[in-house]
Amino acid sequence: MFVRLDQTGPLYAQIYRAIRAEILGGRLAPGARLPSTRALASELGVSRNIAILAYSQLLAEGYLRARRGAGTIVASELPEEMTRVVPPGEPRARRRRSAAVRVSAFAQRMLEFSDKAEFSWTPRARPLPYDFRYARPSFGDFPYATWCRLLARRARRASIRELDYGPPEGLPLLRETIAAYLRRARGVACAPEQVLILNGTQQALDLAARVLIEPGDRVVLEEPHYRSARAVLSA
């Protein structure tokens with residue numbers, strides 16, 4: 001199978017995007033059989049874990065189906081929302097009109113704010129001499145191959161119970177570990193019951209804003225500031 005990688009981002013994501021493009025472009029027909037993860041990894045010169053991650057993403061999103069004895073094949077039917085790709089140059093207003101959905105006042109405020117905040121994570125054609133974009137890890141220093149091996153090892157040992165929803169405040173063992181770290185490294189005396197595991201910075205900011213701020217309150221931000229925090233506070 002011919003796969004053209006775009007040399008952008010992690011290898012598994014490049015493989016995922018390349019196969020997805022082949023499916024959506026009709027070059028991989030419904031029911032077409034894909035090579036095994038071992039064969040694909042050998043063809044591309046990557047580790048098998050990379051190929052497994054790419055296939056897992058495609059399986060989870062419904063592009064592929066796994067059949068016992070038949071290997072991995074292209075799904076016979078794709079959900080409509082997966083096959084429709086909005087052109088990059090299409091105005092945001094037109095994107096919203098394409099789906100006549102009644103939204104709440106909160107969502108409407110977010111839409112109005114998004115029209116004013118024009119920023120993108122797309123890499124620049126000419127790299128900046130100094131990149132001050134926030135929330136970007138040092139990809140070169142990240143032990144990606146080791147992380148993939150550990151992730152695959154843990155996934156193989158996962159139980160059915162671990163696939164179910166956990167406590168909404170986070171796994172007890174993780175909260176205990178964080179509380180112990182805070183006491184040891186930061187001098188913060190807290191119990192595991194006082195630790196909340198959130199999805200990321202945005203959820204933490206949103207939760208703090210909802211708890212501490214009333215509509216119409218004045219909030220002070222430093223300049224320059226974290227623009228996504230301003231989006232939460234404006235909403």
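Note that the structure is a prediction, hence the values are computed from the model and not measured.
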(message) Nearest 0.5 Å, please: how far is CD1 in Ile50 from OH in Tyr55?
(response) 14.0 Å
(request) Look up atom CG in Leu28 and atom CZ in Arg33, then write down how far apart they are to the nearest 0.5 Å. (result) 13.0 Å
(message) For the OG1 atom of Thr72 and the CG atom of Leu58, what is their distance to the nearest 0.5 Å?
(response) 9.5 Å
(message) In the structure I gave you, are the side-chain heavy atoms of Ile15 and Leu5 within less than 4.5 Å of one another anywhere?
(response) yes
(message) Would you compute the distance between atom OG of Ser56 and atom CG of Leu64 and round it to the nearest 0.5 angstrom?
(response) 10.0 Å
(message) Using a 3.5 Å distance criterion without hydrogens, assess whether the side chain of Arg175 forms a donor-acceptor pair with backbone atoms of Pro192.
(response) yes
(message) So Leu34 and Ile73, do their side chains get closer than 4.5 Å, heavy atoms only?
(response) no
(message) Let's go through Leu171 and Ile197 carefully: what are the C-alpha distance in whole Å and the side-chain angles of both, what is the deciding distance for side chain to side chain contact (heavy atoms under 4.5 Å, CB included) to 0.1 Å, and is it a yes or a no?
(response) CA-CA 8 Å; Leu171 296 176; Ile197 307 300; over 6 Å; no
(message) Has Ser42 got a side-chain atom pairing as donor or acceptor with Arg38's backbone, closer than 3.5 angstrom?
(response) no
(request) Output, in order, the C-alpha distance, side-chain angles, deciding distance and verdict of side chain to side chain contact (heavy atoms under 4.5 Å, CB included) for Thr201 and Tyr226. (result) CA-CA 11 Å; Thr201 304; Tyr226 180 43; 3.9 Å; yes
(request) Output the distance between atom CG (Asn199) and atom CG (Leu207), rounded to the nearest 0.5 Å. (result) 11.0 Å
(request) Determine whether more than 12 heavy atoms belonging to other residues, nucleotides or ligands lie under 6.0 Å from atom CD of Glu223. (result) yes
(request) Determine yes or no for a side-chain-to-main-chain donor-acceptor pair under 3.5 angstrom, with Ser234 supplying the side chain and Val232 the backbone. (result) no
(message) Can you see whether Tyr181 engages Glu176 through a side-chain donor-acceptor pair at a distance of less than 3.5 angstrom?
(response) no
(request) Determine, using the 4.5 Å side-chain heavy-atom cutoff (strictly less than), whether Val46 and Trp147 are members of one ILVMFWY cluster. (result) yes
(request) Kindly say whether Thr8 contributes a backbone atom to a donor-acceptor pair with the side chain of Arg17 at under 3.5 angstrom? (result) yes
(request) Kindly work out whether a path of hydrophobic side-chain contacts (I/L/V/M/F/W/Y, heavy atoms less than 4.5 Å apart) joins Leu182 to Leu196. (result) no
(message) Do Leu59 and Tyr12 land in one hydrophobic cluster if side-chain heavy atoms of ILVMFWY residues count as linked below 4.5 Å?
(response) yes
(request) Would you mind reporting whether Leu53 and Leu151 have side-chain heavy atoms less than 4.5 Å apart? (result) yes
(request) Any chance you could measure Asn49, atom CG, to Arg153, atom CZ, to the nearest 0.5 Å? (result) 10.0 Å
(message) Within the structure provided, determine whether Leu233 and Arg230 are in side-chain contact (heavy-atom separation under 4.5 Å).
(response) no
(request) Mark yes or no for whether Arg48, through its side chain, and Ala39, through its backbone, hold a donor-acceptor pair below 3.5 Å. (result) no
(request) Please examine the side chains of Ile19 and Leu40, heavy atoms only from C-beta on, and report whether any two atoms are closer than 4.5 Å. (result) yes
(message) Would the distance check show the side chain of Gln57 and the main-chain N or O of Ala54 forming a donor-acceptor pair, the cut-off being under 3.5 Å?
(response) no
(request) Give a yes or no on whether the backbone of Cys190 and the side-chain of Arg183 come within a donor-acceptor separation of less than 3.5 Å. (result) yes
(request) Without swapping roles, check the side chain of Asp164 against the backbone of Arg161 for a donor-acceptor pair under 3.5 Å. (result) no
(request) Examine distances only and state if a side-chain atom of Gln14 and a backbone atom of Gly9 form a donor-acceptor pair shorter than 3.5 Å. (result) yes
(message) Atom OH of residue position Tyr16 - does it have more than 12 heavy atoms of other residues, nucleotides or ligands inside 6.0 Å?
(response) yes
